[in-house]
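Please read the structure below before turning to the comments.
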Amino acid sequence: MKKAWSFYREMSSAVRSSLWFTICNFLQRGTALITVPIFTRLLTTEEYGLCNIYFTWFEIFVVFTSLKMPYEGLNNGLIRYEKDKDGYTSSVAGAIFVLTVVVGALCLPFHRWISKVTGLNSVMLLLLLLQLLLNPMLYLWTNREKFDFRYRLPVIVTLVSTVLSPLISVATVMNTEYRAEARVMGTVLVQSLFGLVCCIFLFIKGKKFYCREYWKFGITFNLPLIFYYLSQFVLNQSDRLMIRYFEGSGKAGIYSVAYTAATLTLLFASAVNGSIHPWMYKKLKARCIDEIGKVLFGVSLMIAAAVIMMIAFAPDLVAILATAEYKEAIWIIPPVAASVYFMFSYMLFANIEMYYGATGYVSVTSILAALANLALNAIFIPMFGYMAAGWTTLVCYVLLAVLHYILMKRVCRKKGEAAAILQEKKMFYLSAVVLVMAVLMNGTYLISGLRYFVLAAAFVILFITRKKWLVLLKTIKKQ
């Protein structure tokens, strides 16, 4: 403990800030996962689906009401206007306030039509407007503090809101017949309260509501990225909206449980990519190509193993997370979990593209994959039901990984990088194994004995070949 404390005290403020915000991120996602078994037992599938539909629509509307200024591009503005960082931040808050009011005013005459299209009643639409107004203020303040490595107060606010939000939601759900609205209200009220306090603090400190130069920079920087934000949303969230449209909120609720469970491995994949990213850049600069290939295959193997384990234990995980009403979710987990592996793969390829400065194609590939996702869902959900959405997601992430792989190879050739950075054949075979397992493990879900036999056989093979895997792990650890 003394060594750990000494090591912590020697960390720079930047490293401490990164550490604490990473911990908060894990706690937020972990709390969201822990509350799934609670809400799936308190709410019907229709009510649970409606709650998820609400949060999905929030992700769409916030793109237009905030242009994602508190989330993306804020650091660029703070660097550009370094001498007036607080003024720039409060001015961005003013721009978001005006944008939200304008969008709300434009939508007001059409609220009945919007309610019909979104599936949200008047109460939920009011909650949505409140959250759109104040939630970005919370993130704006948090990211402003993070820029100067001030982490203590933001961490406290994040932890308190992370704990309060589910507690209030559970309390309100248990004491009303309007349970879906109560579930949403608990989260919105907590975030809005903190957002209001942060908004007041930003204006007191920055003393600027409107600055033409600041507004112009913030809006013009983020406006061209709208299509990129929307394409990312389509890939990650639109399935639920299309399922609700074609099959109702109940099926959307089942799909949401499966998606939450399946993307657990995304936490691990994102953490690994965040750790390996700077290391990869240093090795590329030093032209240590062989070392990169070995390590990237090793970490890809780890992600693949985590994904396959998720697929194998899907029935057990769904039984823990939800009631028998959600049993069909087990059939959605294999393709969505396999999608995480291909998400990780395309992130690796994109890292290499960005190292060589080829950032222009990132938005284009995302838009192509998003359009493919919308088209495939529109065709196959009506034909085969809502479970088809899981497989269309997998197809689109495979497409995204293939497109980024082609672009990476093109960039490497242009830069005169003759040697292959990746162990391509091994990566290809590993990808094929993930796809095959996503298909074959479906056949074992109705026969638990067979599934456990397959798992036992896999563990035996791993034990027999353990020396080979230990060497690989040592290589990764050394690097």
Side-chain angles (χ1 to χ4, degrees), residues 4-5 8 16-43 47-48 50-56 58-59 62 70-71 123-124 127-128 130-146 149-176 178-202 237 253 256-257 259-261 263-268 270-271 274 317 320-323:
W5 177 244
Y8 175 78
R16 287 189 193 181
S17 177
S18 177
L19 173 67
W20 278 108
F21 280 111
T22 301
I23 291 170
C24 284
N25 185 40
F26 271 94
L27 286 174
Q28 282 179 312
R29 290 174 181 259
T31 303
L33 177 68
I34 290 168
T35 57
V36 169
I38 299 171
F39 289 118
T40 53
R41 284 161 174 80
L42 290 175
L43 306 172
E47 290 168 338
Y48 188 78
L50 184 58
C51 294
N52 281 278
I53 293 299
Y54 169 89
F55 292 114
T56 302
F58 171 78
E59 294 297 331
V62 79
Y71 315 91
V123 174
M124 283 195 162
L127 290 171
L128 181 64
L130 180 65
Q131 191 176 14
L132 288 170
L133 189 64
L134 295 174
N135 180 268
M137 304 299 176
L138 175 59
Y139 280 91
L140 186 62
W141 172 78
T142 302
N143 290 328
R144 168 67 186 91
E145 296 295 293
K146 188 188 294 186
F149 309 123
R150 296 193 293 263
Y151 58 89
R152 289 183 178 86
L153 195 55
V155 165
I156 292 170
V157 169
T158 303
L159 293 178
V160 171
S161 63
T162 299
V163 173
L164 275 181
S165 181
L167 286 177
I168 293 175
S169 294
V170 170
T172 51
V173 166
M174 293 178 69
N175 289 283
T176 181
Y178 302 103
R179 292 177 294 190
E181 291 84 351
R183 161 69 184 97
V184 171
M185 191 180 294
T187 299
V188 173
L189 290 180
V190 171
Q191 290 186 356
S192 298
L193 177 62
F194 282 108
L196 178 61
V197 173
C198 291
C199 180
I200 294 168
F201 178 79
L202 289 172
Q237 303 282 346
S256 297
V257 169
Y259 199 93
T260 301
T263 53
L264 269 175
T265 47
L266 186 58
L267 274 174
F268 178 50
S270 298
L317 188 61
I320 294 168
L321 289 177
T323 60

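Count residues from 1 along the sequence.
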For Pro166, run the side-chain contact (heavy atoms from CB on, under 4.5 Å) check against Ile34, Thr35, Ile38, Val190 and tell me which one passes. Thr35
What I'd like to find out is whether the side chain of Met174 reaches to under 4.5 Å of the side chain of Leu42, using heavy atoms alone. yes
Nearest heavy-atom approach of Phe39 to Val173 is CE2-CG2, 4.4 Å
Are any of the side-chain heavy atoms of Val160 and Phe194 separated by less than 4.5 Å? yes
Nearest-0.5 Å distance, CG of residue Leu50 to CZ of residue Arg179: 12.0 Å
In this structure, OG of Ser161 is separated from CD1 of Ile156 (nearest 0.5 Å) by 12.0 Å
Taking all non-hydrogen atoms of both residues into account, name the closest pair between Gly186 and Ile168 and its distance. CA-CG2, 3.9 Å
Do Arg144 and Phe201 make a side-chain contact, defined as non-hydrogen atoms from C-beta onward lying under 4.5 Å apart? no
Side-chain contact test, heavy atoms from C-beta onward, threshold under 4.5 Å: evaluate it for Val157 versus Leu138 and give yes or no. yes
Of all heavy-atom pairs linking Thr187 and Arg183, the shortest is OG1-NH1, 2.8 Å
Side chain proximity check, Tyr48 to Val257, heavy atoms < 4.5 angstrom: yes
Does the side chain of Met185 come within less than 4.5 Å of Thr172's, by heavy atoms? no
Considering only heavy atoms from C-beta outward, does the side chain of Trp141 approach that of Pro154 to under 4.5 Å? yes
How long is the gap from CG on Leu140 to CG on Asn135, to the nearest 0.5 Å? 11.0 Å
Taking C-beta and beyond as the side chain, do Val188 and Tyr54 meet within less than 4.5 Å on heavy atoms? yes
Exercise: identify the closest heavy-atom pair between Gly195 and Met137: O-CB, 3.5 Å
Roughly how far apart are Thr40 OG1 and Ile320 CD1, rounded to 0.5 Å? 11.5 Å
Tightest non-hydrogen contact, residues Ser192 and Leu134, listed as O-CD1, 3.5 Å
For Pro70 against Asn143, the heavy-atom pair lying closest together: O-ND2, 2.6 Å
CG (Leu127) and CG (Leu189) are apart, to the nearest 0.5 Å, by 7.0 Å
